[in-house]
Structure formats: structure tokens, C-alpha cells
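Below: one structure, written as C-alpha cells.
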Amino acid sequence: MSERIKVLLSEEEVDRRIQEIGEQISRDYEGKQVHLVCVLKGGSFFMCELAKRISVPVSLDFMSVSSYGSSTKSSGVVKIVKDLDEPLKDKEVIVVEDVVDSGRTLSYLLEMLRDRGPRSLRLCTLLDKPDRRVVDVEVDYTGFQIPDKFVVGYGLDYDQKYRNLPYIGVVEFD
């Protein structure tokens, strides 16, 4: 089976929206420091671009949570592959995700992070697929709501391919 990639959101659209989110976060956290927690691997492209556009002090940490194999469907099994290096106690934390779909992984992750005592905990995602939601997850900052299509680019992959695309594309299979 081969695949083609059709552009859903151009590089310019994505860049413009990340700028807007960065400005909003900067206003919301004026006078404070923000601790961004990136969910690897997909969130890394988005978080790096977002951090550059936030004007308040920013610190970064990374964790890897897996619920996908080499398929396009969530396995439903959540596994912590890499935990955070820094404690979250009393920090203003924003979890940065590439895409929110079923909500299973994020619901689990957010509950675990809440137990670590951050002053605040918010969620920022580049892409939101509300039609796929099976667990209610509140998203505080959303780049784009998109239809239930399998997307790649800007950090999102299909079997470890296409992360480096500078736009968001839909995978179409032959």
C-alpha cells in the first residue's frame, strides 16, 4: 500500500496561528514564568515554534507517552516511555501536544501531572479532532480544529515518516 499527502493547512497558516497562540499565552501569563511540557515526539516541532513566540520567561521539559504503534489507530494502551526531568510543584505548566483525538492518552497524562502539584495546568494543542473524542479533555489553547482524517507533518508522523513536512497534510492511501 502506498500513500500520498494532500495539504490540509499550509505552512503560512500554521505559522500565523502559532504566532497568535504565543501572543495569547504571553498575555495570559504576563508577569509569570511558563513551564512548557512537550509530549514527544510529535509535539516537539510545535513546542519549539511556540516557545519562540512567547514573550514571558519559558522553561521546557519533555516526556514521551505512547499509545500508538505503527498503525493509524490508537491502541488504547498508555505507556510512559520518558518521564519529566524537572518537578512541576508550584509551576505554571502548559502541556504541549501535536494532536488531541480520542482524549484517552491526555486524560491519563493530565491526571498524573495534576498529582505533581503544579500551580496551574493547561493544555495547548496544534490540532484538535473533537469528532474522535471518547474521553472529555479540556483544551485551553487550540491551533486548529480538524476533521477526523489521519494527518502528518509539523511533527506528526505515519510510521515515523513525514514529521519534517512544514505543513499539515492528510494521508491518502492507494
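Worth saying up front: this structure is predicted, and the values here are computed from it rather than measured.
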Worksheet item: Going from NZ on Lys41 to OG on Ser64, what distance comes out if it is rounded to the nearest 0.5 angstrom?
Response: 7.0 Å
Discussion item. Assess the residue pair Val58 and Leu36 against the criterion (side-chain contact (heavy atoms from CB on, under 4.5 Å)); give the C-alpha distance rounded to whole Å, side-chain angles, the decisive distance to 0.1 Å, and a yes or no.
Written reply: CA-CA 7 Å; Val58 172; Leu36 301 180; 3.8 Å; yes
Fill in: Interatomic distance, Ile168 atom CD1 to Phe144 atom CZ [nearest 0.5 angstrom]
8.0 Å
Item to complete: Working to the nearest 0.5 Å, report the span between NZ of Lys82 and CG of Leu40.
Response: 7.0 Å
Worksheet item: So, the side chain of Arg119 versus the backbone of Asp90: is there a donor-acceptor pair under 3.5 Å, distance only?
Response: yes
Discussion item. Applying side-chain contact (heavy atoms from CB on, under 4.5 Å) to Val95 and Leu109, what does each step give before you reach the verdict?
Written reply: CA-CA 9 Å; Val95 174; Leu109 176 63; 4.2 Å; yes
Worksheet item: Does Glu138 come within less than 4.0 Å of Arg122, counting only side-chain N to carboxylate O?
Response: no
Worksheet item: Does a donor on one side chain and an acceptor on the other come within less than 3.5 Å for Ser10 and Glu13?
Response: yes
Worksheet entry | Atom pair CE/OG of Met112 and Ser107 - distance to nearest 0.5 Å | 12.0 Å
Worksheet item: With side chains defined as the heavy atoms from C-beta onward, is the minimum distance between Leu88 and His35 less than 4.5 Å?
Response: yes
Worksheet item: Around Asp136, counting heavy atoms of other residues, nucleotides and ligands shown, do more than 12 lie under 6.0 Å from its CG?
Response: no
Item to complete: Side-chain contact test, heavy atoms from C-beta onward, threshold under 4.5 Å: evaluate it for Asp128 versus Ile146 and give yes or no.
Response: no
Worksheet item: Is it true that a side-chain atom of Lys161 and a backbone atom of Asp157 form a donor plus acceptor pair closer than 3.5 Å?
Response: no
Discussion item. Contact between Lys129 and Val100 at the side-chain level, heavy atoms closer than 4.5 Å - yes or no?
Written reply: no
Item to complete: Evaluate the criterion ring-ring contact (aromatic ring centres under 6.0 Å, His included) for residue pair Tyr154 and Tyr162; output intermediate values, then yes/no.
Response: CA-CA 8 Å; Tyr154 225 90; Tyr162 308 116; over 10 Å; no
Worksheet item: Would you call Ser120 and Tyr29 a side-chain contact if the rule is heavy atoms closer than 4.5 Å?
Response: yes
Worksheet, complete the sentence: All heavy atoms of Tyr167 vs all of Leu9, minimum pair found to be CB-O, 3.2 Å
Discussion item. Would you say that Leu121 contacts Leu110 through its side chain, given a criterion of any heavy-atom pair below 4.5 Å between the two side chains?
Written reply: yes
Worksheet item: Under a 4.5 Å cut-off applied to non-hydrogen side-chain atoms, are Cys38 and Leu60 in contact?
Response: no
Fill in: Gap between atom CE of Met63 and atom CG of Asp85 - 0.5 Å precision
10.5 Å
Worksheet item: Do Asp15 and Gln19 meet the criterion of a side-chain donor-acceptor pair at a distance under 3.5 Å?
Response: no
Worksheet item: Can you name the closest pair of heavy atoms from Val137 and Gly103 and give their distance?
Response: CG2-O, 3.5 Å
Discussion item. Using a strict threshold of under 4.0 Å (side-chain N to carboxylate O), is an ion pair present between Asp98 and Arg163?
Written reply: no
Worksheet item: Do you know which two heavy atoms are closest between Phe46 and Leu126, and how far apart they sit?
Response: CE2-N, 3.3 Å
Worksheet item: Going only through I, L, V, M, F, W and Y residues with side-chain contacts under 4.5 Å, is there a path from Phe173 to Val152?
Response: yes
Worksheet item: Does the side chain of Val37 reach to within under 4.5 Å of the side chain of Leu84, using non-hydrogen atoms?
Response: yes
Fill in: Separation between CG of Leu50 and SG of Cys124, rounded to the nearest 0.5 Å
5.0 Å
Worksheet item: Salt-bridged, Arg16 to Glu12, with N to O below 4.0 Å?
Response: no
Discussion item. Determine whether a donor-acceptor pair (N or O, by modelled atom type, separation under 3.5 Å) exists between the side chain of Arg53 and the backbone of Glu20.
Written reply: no
Worksheet item: Do Leu127 and Gln145 come close enough that some side-chain heavy atom pair is under 4.5 Å?
Response: no
Item to complete: Mind running salt bridge (charged side-chain N to carboxylate O under 4.0 Å, His left out) on Glu172 and Lys149 for me, showing each step along the way?
Response: CA-CA 9 Å; Glu172 295 179 341; Lys149 304 278 187 191; over 6 Å; no
Worksheet item: Is a side-chain N or O of Asp174 found less than 3.5 angstrom from the main chain of Glu3, in a donor-acceptor match?
Response: no
